Each structure stands twice: as structure tokens, then as C-alpha cells.
Amino acid sequence: MGFKCGIIGLPNVGKSTLFNALTKSQIPAENFPFCTIDPNVGKVPLPDSRLSKINEIVNSAKIIPATLDLVDIAGLVKGASEGEGLGNAFLSNVREMSALAHVVRCFDDENITHVDGSVNSKRDVEIINLELVLSDLESVNKRIEKCEKLLKTNDKENKNQYELLSFIKCDLEKGKLVNIQKFNDEEQKIINQFQLLSSKPTFYIGNISESKKSSDELNRLKDVARELGTFVIPASIKTEQEISLLQEDEKKEYLDLMGMKEPVLNKIIFEGYKMLGLRTFFTAGPNEIRAWTIKNGFLAPNAAGVIHTDFEKGFIKAEVIDYDDFIKFKGELKAKEKGKLRLEGKDYLVKDGDIIHFKFNV
């Protein structure tokens with residue numbers, strides 16, 4: 001569907017190691033800046049315990065999870081918007097993302113170089129955010145110039161764009177990220193056309209040491225995230241990579257020993273999925289149980305079209321069972337007997353966890 005979550009941050013903060021852990025692909029993660037030159041793209045399965053619970057009832061031949069597209073983007077540095085480091089190529093890579101996972105170093109290690117000579121989570125976040133703001137300010141100014149030339153035409157769409165851009169420019173000139181939630185749905189649609197870097201939904205990953213689960217730097221990062229209206233997931237990325245390389249039985253044993261229910265990686269994947277505004281519905285049968293990814297707000301025909309375009313074109317109705325009812329009544333037959341199978345039409349808003357069978361005619 002083209003929704004990508006980009007992993008960003010300064011050089012040497014653990015982005016590529018995190019990407020390796022998430023995707024189990026061994027891209028370089030060397031101790032020098034700009035090791036990652038081209039964005040590395042990985043498709044990772046969404047951890048979803050509902051699939052195994054559905055399978056306990058259906059006993060299907062195959063289980064296919066939903067996936068999240070992750071992109072490891074090379075480190076941004078101060079001055080990137082003016083071509084420093086590897087420059088605007090990276091900013092253009094960020095522009096293509098739908099959401100961002102910003103990795104911030106929150107530990108000291110004299111063996112791992114910091115691009116600015118010392119660890120300071122607040123400063124590091126501000127460096128990245130300022131570069132995104134400066135890049136946006138440049139593109140907004142160019143768009144305003146184009147709009148100004150057309151103001152005499154009294155074109156309504158141009159006038160709306162001009163007013164929105166002028167409002168956004170004021171925030172950017174103050175060094176503020178663009179908070180898209182301040183705008184109504186129509187305004188958000190217009191703003192999304194601008195592909196502003198600083199408007200991307202973002203959460204933070206605080207890379208902590210293996211021994212210290214809390215630190216002043218992590219607490220400082222949490223304060224910054226709170227001010228920006230988002231959150232931090234603390235993770236020892238080195239440990240998470242080691243866990244990702246274990247066999248399943250070894251992994252469970254290690255997690256039990258650490259008092260963890262699941263790897264922190266699972267939460268990172270899940271939050272990335274949520275940040276993209278995605279949700280999941282299921283199809284279930286003896287041949288295959290599958291989790292399908294849709295955008296929030298998809299109606300039944302839109303969801304059908306994710307499976308096949310013909311399903312959307314010839315949509316008739318959807319047979320829908322809530323996930324909880326499917327589990328409670330142990331499958332479709334009993335759920336139907338209890339009146340929990342519903343026939344929904346074209347206006348049905350698909351909910352996360354719905355188990356659906358589509359009827360269509362082409």
C-alpha cells in the first residue's frame with residue numbers, strides 16, 4: 001500500500017543495528033558516520049497474537065501476518081539542509097516516509113564515537129528537528145512565491161493553499177515542527193500534498209545501555225517527546241539484536257530470564273504500524289489465515305480491494321464477525337448461530353480485528 005516507516009537519527013546512534021534486529025538482515029553497522037548510503041528497506045511481520053488464536057480454531061494450512069515496511073535512512077547531521085554530511089539526498093528519503101522512528105543515543109561508551117563529541121539526547125533531537133524545519137521552510141517559501149503570482153486570479157484552491165502555507169511558515173520560522181493535528185480534515189489533505197518533513201508522525205527510540213535501564217539522558221528524551229506530543233520506547237538495541245538472532249526456544253528462555261513477555265522490537269514494530277494509521281482485518285479458512293493491512297477509515301469495498309481490485313469493483317456485501325465473538329464462540333458456525341455474523345454493505349467502516357468474508361460479482 002506504499003506506507004513506510006523511516007528509521008532516522010544522527011550517525012552512530014544504533015539505526016542500522018536496530019534495522020538489522022528488526023529485519024534480521026545483516027547490513028553494515030560500522031562505527032563510523034555515513035555507513036548507510038542508500039536507504040535499506042525491510043518488510044517485517046507484525047507481531048499479532050490474534051493470528052495464532054484464530055488458528056487454534058481454524059487449524060489452517062498457512063498463516064500470513066500483516067507486514068510493516070521499514071527504511072533505514074543514513075544519519076542526518078547539522079547542516080544537512082544546506083548539503084552537509086550526505087546532504088539533501090537523505091532529506092528527500094525522509095520526504096518519502098509516512099512516519100518516522102527517531103533513534104536517539106542515551107548511553108555513554110568511549111568506544112563508540114558520537115558525531116558531536118558527547119551524548120546529549122535533547123540536543124541530538126533538536127539538531128534533527130531543526131534540519132527538517134529548515135528544509136520545510138525552504139520548500140514552503142518556494143510554494144508561497146508560486147501562490148502569490150496566482151492570487152490575482154482569485155482561484156479558491158490557490159488562496160486556501162496560500163493561507164495555509166503562510167500559517168505554517170510562521171511556525172517554521174519559530175523553529176517549530178508542523179503539528180498537523182491543529183488542522184481540520186480538509187486542511188490536512190492540502191498540507192499532505194506539500195510532503196513536509198516536519199509534519200511526519202514521529203516516535204522516539206531511546207537507545208540505552210545493557211546495564212542501565214534508566215538514565216538522565218533517557219529522562220531528558222522523555223521530557224522532549226512529551227513537549228512534542230509523542231512518546232519514547234526505551235530499548236537496548238544491542239541486546240535486542242542479540243535476542244533476534246536466537247532460536248525461538250532460546251529466545252523464550254532468555255526473555256523469561258529477563259522477566260520480559262516479548263522483545264521490545266515487537267513494540268517498535270507495532271507502534272510504527274499504528275503511527276502509519278494502519279489497522280488489520282482477517283480472512284480465515286482451512287487453506288489460509290491472513291492478516292490484511294488497511295488504512296484507518298477504510299470502508300468494506302476499500303478493504304475488499306486490498307485483497308483484489310475485482311473484489312472492490314464487484315462488491316456486494318461483507319460477512320463480518322468481531323474477533324472477540326469469533327474466539328468466544330470458537331469459529332464461524334457457532335458465531336452465526338448466536339447471531340454474531342453480520343451482513344454489512346458499502347458504508348460499513350471496517351474495524352481492527354474484523355474477520356471478513358466478502359461477496360462480490362464481476
Side-chain angles (χ1 to χ4, degrees), residues 1-11 34 36-39 41 69 71-102 115 123-203 227-230 275-277 295:
M1 292 174 68
F3 301 115
K4 293 178 181 176
C5 182
I7 303 172
I8 66 166
L10 294 174
F34 316 125
T36 309
I37 295 175
D38 295 318
V41 184
D69 283 349
V71 183
D72 177 33
I73 298 172
L76 296 177
V77 294
K78 188 184 293 185
S81 59
E82 297 172 353
E84 288 296 322
L86 288 169
N88 286 322
F90 295 142
L91 293 171
S92 67
N93 291 329
V94 173
R95 199 176 302 282
E96 294 170 11
M97 300 302 110
S98 305
L100 300 172
H102 185 161
V115 72
R123 177 203 61 206
D124 291 355
V125 168
E126 288 172 349
I127 286 172
I128 295 286
N129 287 349
L130 182 60
E131 292 308 318
L132 301 182
V133 163
L134 290 173
S135 180
D136 280 346
L137 188 56
E138 184 181 353
S139 62
V140 163
N141 280 329
K142 287 177 181 176
R143 282 181 173 272
I144 286 176
E145 284 177 19
K146 287 181 182 178
C147 288
E148 283 175 337
K149 292 175 183 176
L150 296 172
L151 283 178
K152 291 178 182 177
T153 65
N154 291 321
D155 181 86
K156 188 178 178 182
E157 186 179 340
N158 180 68
K159 186 172 182 290
N160 288 341
Q161 282 198 16
Y162 176 77
E163 288 173 354
L164 274 174
L165 286 164
S166 299
F167 185 85
I168 289 167
K169 181 182 176 180
C170 286
D171 275 352
L172 292 172
E173 285 179 333
K174 294 171 187 172
K176 292 182 181 178
L177 301 175
V178 176
N179 181 3
I180 201 159
Q181 300 306 317
K182 292 198 302 190
F183 303 92
N184 64 37
D185 290 347
E186 278 304 308
E187 289 170 337
Q188 286 185 27
K189 284 180 185 175
I190 296 170
I191 293 167
N192 286 335
Q193 294 172 24
F194 305 151
Q195 289 188 299
L196 297 175
L197 305 178
S198 64
S199 70
K200 308 282 182 187
T202 302
F203 67 100
E227 287 173 15
L228 295 172
T230 185
M275 273 284 174
L276 290 167
K295 190 78 174 164

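Numbering of residues begins at 1 and proceeds along the displayed sequence. What you see below is based on every heavy atom in this structure, not just the backbone, and it leaves out hydrogens, waters and symmetry mates. It should be emphasised that the depicted structure is a prediction, and the values quoted were computed from it without experimental measurement.
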Residues at least two apart in sequence or cross-chain that pass ring-ring contact (aromatic ring centres under 6.0 Å, His included) with Y162, listed by chain then number, are none
Once rounded to the nearest 0.5 Å, what's the spacing between atom [atom1] of [X] and atom [atom2] of [Y]?
X    : Y    : atom1 : atom2 : answer
L196 : L177 : CG    : CG    : 11.0 Å
F183 : I191 : CZ    : CD1   : 4.0 Å
E131 : L10  : CD    : CG    : 10.0 Å
I127 : L132 : CD1   : CG    : 12.0 Å
D171 : S199 : CG    : OG    : 12.0 Å
L165 : I144 : CG    : CD1   : 5.0 Å

Who pairs with [X] by salt bridge (charged side-chain N to carboxylate O under 4.0 Å, His left out), at least two apart in sequence or on another chain?
X    : result
E126 : K122
K159 : E163
K146 : none
E186 : K189

Residue pair [X] / [Y]: nearest heavy atoms and the distance that separates them:
X    : Y    : answer
P201 : S98  : CD-O, 3.3 Å
C5   : A101 : SG-N, 4.0 Å
K295 : L276 : NZ-O, 2.6 Å
M275 : A99  : CB-CB, 3.9 Å

Quick check against the 3.5 Å criterion: does [X] have a side-chain atom that pairs as donor or acceptor with the backbone of [Y]?
X    : Y    : value
S139 : D136 : yes
K200 : R95  : yes
E96  : N93  : no

Using side-chain hydrogen bond (donor to acceptor under 3.5 Å, both in side chains) as the criterion, list what pairs up with [X], not counting sequence neighbours.
X    : result
T202 : none
K176 : none
E173 : none
N141 : K169

Is there side-chain contact between L228 and F203, with heavy atoms separated by less than 4.5 Å? no
**Prompt:** Can you check whether K182 reaches F167 side chain to side chain, under 4.5 Å on heavy atoms?
**Reply:** yes
Can you list the steps and then say if I7 with I73 is a side chain to side chain contact (heavy atoms under 4.5 Å, CB included)? CA-CA 6 Å; I7 303 172; I73 298 172; over 6 Å; no
Do E138 and K142 meet the salt-bridge criterion of a basic N to acidic O distance under 4.0 Å?
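Yes, charged N to carboxylate O under 4.0 Å.
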Counterpart residues, side chain to side chain contact (heavy atoms under 4.5 Å, CB included), relative to [X] (two or more places apart):
X    : answer
Q181 : N179, Q188
D155 : T153, E157, N158
I190 : N160, Q161, L164, F194

